[in-house]
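Scroll down for the structure; my scribbles are underneath it.
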Amino acid sequence: MSTTSASSNILTILQNSYSTPSQFPPGSKFAKVDPTQWQGTWTATDSNGKPVTLAISNVSGYRANVRFTTADGGLQTGRVLINTNGVFRIGDSQMQLTAAGKMTISTVITNSTTGNQSIETDHATLQTS
């Protein structure tokens, strides 16, 4: 086997084996969501009694703009993809619509001293005008 043939075989194997990381588990599907169930300001209180705010806007199809603010984590913004299970992620947090006007926010917290991780779950409510 020539050197050129061997190196092209290696590149082919690597290319065929490569897969891009996903934001959602395998099998997650995306479909249009009802903007009225998502859009607006969601509020919660974390385990330390500090406010958590999630502003969702420009819901179109299964995409939305999100502005997520916590006392400890600061501000995170982004365009997110909402899957058919009513779940999306931003940063170290996952949000899931649990009922009309109700959402669970699960955030991975890393202890800076030990490196141990835990999950904090907060329950948010959609604010009405």
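The chain is numbered in sequence order, starting from 1.
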### Message
Just so I know, are the side chains of Asn83 and Phe88 near enough to count as touching, which here means a heavy-atom distance under 4.5 Å?
### Response
no

### Query
What is the distance from atom OG1 of Thr53 to atom CZ of Arg67, rounded to the nearest 0.5 Å?
10.0 Å

### Partners passing side-chain contact (heavy atoms from CB on, under 4.5 Å) against Ser106 (at least two apart in sequence or in another chain)
Thr104, Ile119, Thr121

### Task
Enter the distance from Met103:CE to Asp122:CG here, rounded to the nearest 0.5 Å.
12.5 Å

### Contact summary for Ala44 and Ala124, nearest pair of heavy atoms
CB-CA, 3.8 Å

#### Entry: ring-ring contact (aromatic ring centres under 6.0 Å, His included) contacts touching residues 44-85 (sequence neighbours left out)
Phe30-Tyr62

### Query
ring-ring contact (aromatic ring centres under 6.0 Å, His included): which pairs involve residues 101-128, sequence neighbours left out?
none

### Task
Would you check if Gln117 and Asn111 make a side-chain contact, meaning some heavy-atom pair closer than 4.5 Å?
no

### Distance in Å, Ile105 CD1 paired with Ser93 OG, rounded so as to fall on 0.5 Å steps
7.0 Å

### Message
Strictly by side chain to side chain donor-acceptor pair (under 3.5 Å), give each pair with a member in residues 41-52 just once, sequence neighbours left out.
### Response
Thr43-Gln127, Ser47-Glu120, Lys50-Asp72

## Note on the structure
Across all chains, not counting sequence neighbours, the side-chain contact (heavy atoms from CB on, under 4.5 Å) partners of Lys102 are Thr98, Ala99, Thr125

### Summary
One should read off an interatomic distance between Ile90 CD1 and Arg79 CZ, to the nearest 0.5 angstrom, of 12.0 Å

### Message
By the salt bridge (charged side-chain N to carboxylate O under 4.0 Å, His left out) test, which pairs, at least two apart or in different chains, include something from residues 33-44?
### Response
none

## Note on the structure
Across all chains, not counting sequence neighbours, the side-chain contact (heavy atoms from CB on, under 4.5 Å) partners of Ala64 are Ile56, Val59, Val80, Ile82

## Note on the structure
Sorted by chain and residue number, the side-chain hydrogen bond (donor to acceptor under 3.5 Å, both in side chains) partners of Asn58 (sequence neighbours excluded) come out as none

#### Entry: Qualifying salt bridge (charged side-chain N to carboxylate O under 4.0 Å, His left out) pairs with a residue from residues 51-61, counting only residues at least two apart or across chains
none

### Query
For Asn116, which residues count as a side-chain contact (heavy atoms from CB on, under 4.5 Å) partner, sequence neighbours excluded?
Thr114

### Task
Using side-chain hydrogen bond (donor to acceptor under 3.5 Å, both in side chains) as the criterion, list what pairs up with Thr70, not counting sequence neighbours.
none

### Summary
Contacts satisfying salt bridge (charged side-chain N to carboxylate O under 4.0 Å, His left out) that involve residues 90-101 (not counting sequence neighbours) are none

